[in-house]
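Taking it in order: structure first as structure tokens, then the write-up.
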Amino acid sequence: MAYDPSRIEPRWQQHWADHDLFRAVDPTVPGATDLPKYYVLDMFPYPSGAGLHVGHPEGYTATDIIARYKRMRGFNVLHPMGWDSFGLPAENHAMKTGTHPAVTTRANIDNFRRQLKMFGFSYDWSREVATSHPGYYRWTQWIFTLLYNRGLAYEAEVAVNWCPALGTVLANEEVIDGRSEVGGHPVERRPMKQWMLRITAYAERLLEDLDELDWTDSIKDLQRNWIGRSEGAEVDFPVVGFERALRIFTTRPDTMFGATYMVISPEHPWVRELTTDGQRAAVEAYVEEARRRSDRDRQAAKEKTGVFSGAFCRNPANGSEIPVWIADYVMMGYGTGAIMAVPGQDERDWEFAEAFDLPILRTVQPAAGFDGKAYTGDGPAINSGFLDGLGVDEAKARMIDWLVEQGLGERKVNYKLRDWLFSRQRYWGEPFPLLKLADGTVRVLEPDELPLMLPEVGKYEPAGTGEGPLAIIDEWMNVEDVRSGQRARRESNTMPQWAGSCWYYLRFLDPRNDHEAWAKDKESYWMPVDLYLGGTEHAVLHLLYARFWHKVLFDLGLVSTKEPFRKLRNQGMILGENSEKMSKSRGNVVNPDDVIRVHGADSLRLFLMFMGPLDRDKPWSATGIEGVHRFLDRVWRMFFDEEDRLHACLTDGPIDDDAQRALHKCIDQVSQMTEDLRFNTAISQMMIFTNEMNARTSRPRAALETFVLLLAPYAPHLAEELWSRLGHETSLIREPWPVADPKWLVSDTVTVVVQVNGKLRDQLEVAADADEAQVKERALASPKVKQWTDGKQIVKVIYVPGKLVSVVVK
RNA sequence: GCCGGGAUGGCGAAACGGGUAGACGCAAGGGACUUAAAAUCCCUCGGAGCCAGCUCCGUGCCGGUUCGAGUCCGGCUCCCGGCACCA
């Protein structure tokens, strides 16, 4: 009987479930905290209608290997799974078919769960959560009230992507080149009242605390760039003929003597006042045009545009009067929405100055040989009064000191990070837990009023007014507030999909708690997440939002760690066989159901890990999976003969030295590589061991048993089957992980290579403890070496113990 | 443009305090077993040279450091991801 996963796998999955072997033991259970804890988490999926494709389980397999490995190493492992189940696809489906998104979502979740279970992942399914479940979103709403009460949630008029044809607001991702992704209708910017979260208040901490995290540098860099900290100064430029001064932000206060004009954004609140009558018509036309253009259009335009306001400012550095221009290359959302333009040292300003014939003055001496336009490098200040001769850094510091002294400005740090637009004009999301009372105040709901349930709606289309489908459910929208006795209106917007995923890792700690979002003692035991694995696509938004919420919860004393995810890794993408991204339209999607039917879950798990390094993109290969399947066949045949009996080659008694060396090398390598998430090479090591044993007519049973334990995290079904057929009556889930004995890791002899002038000329087998003189002597005596040294002068002989002898001749 | 990451056989990849380049696997070719096929097992498998023992070349390109460079340094090219008029 050959290896047949379809007979083995369902049985062991059943066994694990029946014996509840993956349950994480809560710290409230006596004795639980004697064990060290390990929290290993996957980024939970959105349960789409298409089901899993092979990309999903790549990361899940990696975390499952770690979860199983850590259990064997004696950890109390928390390894949960859930569903990020609010979201657009189910709502779009509802618009087409009228099916309630909850119904679609439930069916999709059932399908995802079924597929995940086929892989034999060791999730603690008793902790499953879904963000769209009222028992979950009740607490999402509660966290929103915490944010609100801290002043971190506010309503503001912000320019959003309004699509008149679709009658709805679109997210930035849904707008392609100024048109709607769906239907290709024009999209315009339109100010609308929206809920915002003040993530910018945490910008500095979100940046600083990255340092202590075990994340890859590339992800940290992505977040750092996104936060975009820059140091500089805010400076007041008095407006000629006005009582007021125009405040600008600059990172180059040292170049102030070279500021030859000013620019304010078309959205700047002073545009109207600063504009002179003579310029009014031109300015109004320009501002109107800028308003119509989407951000994307504005950014795509290469040519600088702008218009003179008619007003002048006085440059505080040198007293000169400089014109104030209005141009859309300055954005209202950053700094003060106004700049001093220094064309001599800024490429954008240079371009604008050239286009509109404005004066250019260099205030930094360009490096010798510089023949470009704006010079942004370092150099001594020139044409800059008291700064002349100073380098850029020193001149900046001196200028800021002077500005502060004169009361003209101050040191200032700015961030690119913007506050988080937190409302969506959608149905399938968390309703905002608040009431807008008749007296104009807002009351957030108390915990005992939650959850605020989503009402049933007749149709899922947007209201057409820019509001979501909830806006027209009159009996839900307009209520009497029992606590204040006032008439009140609810919020018709819902929260974005990011909301639920901001804190799910906390709910997993205490998923069935009806009284609080999580119990404090459970939180302090399990947190932080020790390993978090997911795709790079969430490198910025999800991870930044979750960190933000976590820090707020930390400030409120509700969590015990500053950061939620101690170690973060990203899995790469599984590409189609043609090395293109898998997609239905490309026809290269691989369905795990099919693969498991043919090869079994263990083969698929193993192949996903064997393809290459975890973090790299890798193309699928139908023959590749046959290869690992063959490996598992060979493992099987290492134990059993054709009649399905334990192989006659299996020998009892002590393990011979060769087998010991092979085994302990395998233990050593697999342990290290598993720990380092280098699963591809760990599997290679297991293949090497198997090849070696299969070549032998005597296979020490004790060595093979130990090998089964190494295999267990990777191919758990097969390992359990082997373990039980070797006579063990209990699952190997909690068998101790083998430990390599160092004495079998060193051999008596080592191969030393001999190089002459850097080229390999011979290899010597020498005793591991041979001394240097002895090895050198043998190397020089070798005929193959002599061939290259005869008649030459030996200049030097280098010896690297146990590795090589390098002979230098002339 | 800026910030990351990458480039090694026909293919996926190994080599991670500089020290035998190509482990392991796939594909391919040859052989054994078989009436035949599948499966399995064995052998070959970077390129070139009177393919025997051997020599030369070879890790995207050009230089450098070193006894010795896939690995370190300087300068490029191409590919992937992110940001993008952020003052």
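Each chain gets a letter, A, B and so on, in the order the sequences are listed, and its residues count up from 1.
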Would you indicate, yes or no, if [N] has its OP1 or OP2 atom less than 4.0 angstrom from a side-chain nitrogen or oxygen of [X]?
X	N	answer
A:K759	B:C57	yes
A:R637	B:C41	yes
A:N691	B:G25	yes
A:K796	B:C67	yes
A:R224	B:C83	no
A:R616	B:G12	no
A:N680	B:G12	no
A:R634	B:C24	no

Under 4.0 Å between any heavy atoms, over every strand shown, what does [X] touch: base, sugar-phosphate, or nothing? Just pick one.
X	result
A:K416	base
A:G335	nothing
A:S218	sugar-phosphate
A:I688	sugar-phosphate
A:R229	nothing

Whole Å only: how far is the [atom1] atom of [X] from the [atom2] atom of [N]?
X	N	atom1	atom2	result
A:N570	B:G6	CG	C1'	16 Å
A:R678	B:A13	CZ	P	15 Å
A:K803	B:C67	NZ	P	20 Å
A:R761	B:G68	CZ	P	14 Å
A:Q223	B:C83	CD	C1'	14 Å
A:D221	B:G6	CG	P	13 Å
A:Q755	B:U66	CD	P	17 Å
A:E692	B:C24	CD	P	11 Å

(message) So which atom in A:P266 and which in A:I326 form the shortest heavy-atom distance, rounded to 0.1 Å?
(response)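 Smallest heavy-atom distance, with atoms named: CA-CG2, 3.8 Å.
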
(message) Looking at every heavy atom in both A:W215 and A:K220, which two are closest together, and how far apart are they?
(response)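 For A:W215 and A:K220, the tightest heavy-atom pair comes out as O-CE, 3.7 Å.
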
For [N], give the paired nucleotide (Watson-Crick: N1-N3 plus N6-O4 or O6-N4; G-U: N1-O2 and O6-N3; both under 3.5 Å), or none.
N	answer
B:G53	none
B:U40	B:A32
B:C24	B:G12
B:C78	B:G6
B:U71	none

How about [X] and [Y]: does a side-chain donor come under 3.5 Å of a side-chain acceptor?
X	Y	value
A:Q345	A:T363	yes
A:E765	A:T749	yes
A:T305	A:Y286	yes
A:E577	A:S621	no
A:S230	A:Y334	yes

From the list [options], which nucleotide is the closest neighbour of the side chain of [X]?
X	options	answer
A:K304	B:G19, B:C85, B:C26	B:C85
A:V808	B:G12, B:U20, B:C67	B:C67
A:Y334	B:A23, B:G19, B:A87	B:A87
A:M687	B:A15, B:C24, B:C56	B:C24
A:M611	B:C24, B:C83, B:G12	B:G12
A:V753	B:U20, B:G19, B:A14	B:U20
A:M331	B:C67, B:A13, B:A87	B:A87
A:T681	B:G25, B:A14, B:U40	B:A14
A:T250	B:A87, B:C56, B:G12	B:A87
A:P613	B:G19, B:A13, B:G4	B:A13

(request) Could you tell me whether B:G9 is syn or anti, where syn means a glycosidic angle within 90 degrees of zero? (result)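 B:G9: syn.
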
(message) Which is it for B:C33, anti or syn, if anything within 90° of zero counts as syn?
(response)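 Anti, which is what one calls it when the glycosidic angle falls more than 90° from 0.
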
(request) Between A:L804 and A:G612, name the one whose nearest nucleotide on RNA chain B is closer to the 5' end. (result)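 Looking at RNA chain B, the more 5' nearest nucleotide goes with A:G612.
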
(message) Pick the closest RNA chain B nucleotide for A:E626 and for A:G228 by heavy atoms, then say which residue is nearer the 5' end.
(response)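 Per heavy-atom nearest nucleotide, the more 5' residue is A:E626.
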
Taking [M] as the reference, what is the distance to [N] when you measure between their [atom1] atoms (whole Å, please)?
N	M	atom1	result
B:U66	B:C11	C1'	35 Å
B:A21	B:U55	P	13 Å
B:G70	B:A14	C1'	11 Å
B:U59	B:G19	P	16 Å
B:G49	B:C41	C1'	34 Å
B:C16	B:G29	P	34 Å
B:A13	B:U8	C1'	9 Å
B:A7	B:U71	P	11 Å

(request) Validate the cation-pi geometry between A:K304 and A:Y329: distance from NZ or CZ to the six-membered ring centre under 6.0 Å, angle to the ring axis within 45°. (result)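 Positive - A:K304 is close enough to the ring of A:Y329 and near enough to its axis.
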
(request) Identify whether NZ of Lys or CZ of Arg in A:R7 sits under 6.0 Å from the centre of the six-membered ring of A:W636 and within 45° of that ring's axis. (result)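 No; the conditions do not both hold, so A:R7 does not lie above the ring face of A:W636.
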
(message) Any non-hydrogen side-chain atom of A:T674 less than 4.5 Å from a side-chain atom of A:Y714?
(response)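 Heavy-atom side-chain distance check passes, below 4.5 Å.
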
(message) Can you pull out every salt bridge (charged side-chain N to carboxylate O under 4.0 Å, His left out) where at least one residue sits in residues 678-697 of chain A? Sequence neighbours excluded, please.
(response)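 The answer is A:D656-A:R696, A:D676-A:R678.
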
(request) Could you list the residues that satisfy salt bridge (charged side-chain N to carboxylate O under 4.0 Å, His left out) with A:R761, not counting sequence neighbours? (result)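 Scan of A:R761 (salt bridge (charged side-chain N to carboxylate O under 4.0 Å, His left out), adjacent residues dropped) gives none.
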
(request) Would you state whether a donor and an acceptor, one from the side chain of A:S806 and one from the base of B:C67, lie under 3.5 Å apart? (result)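 Answer yes: a donor N or O sits under 3.5 Å from an acceptor.
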
Every protein N/O lying under 3.5 Å from an N/O of nucleotides 78-81 of chain B:
none

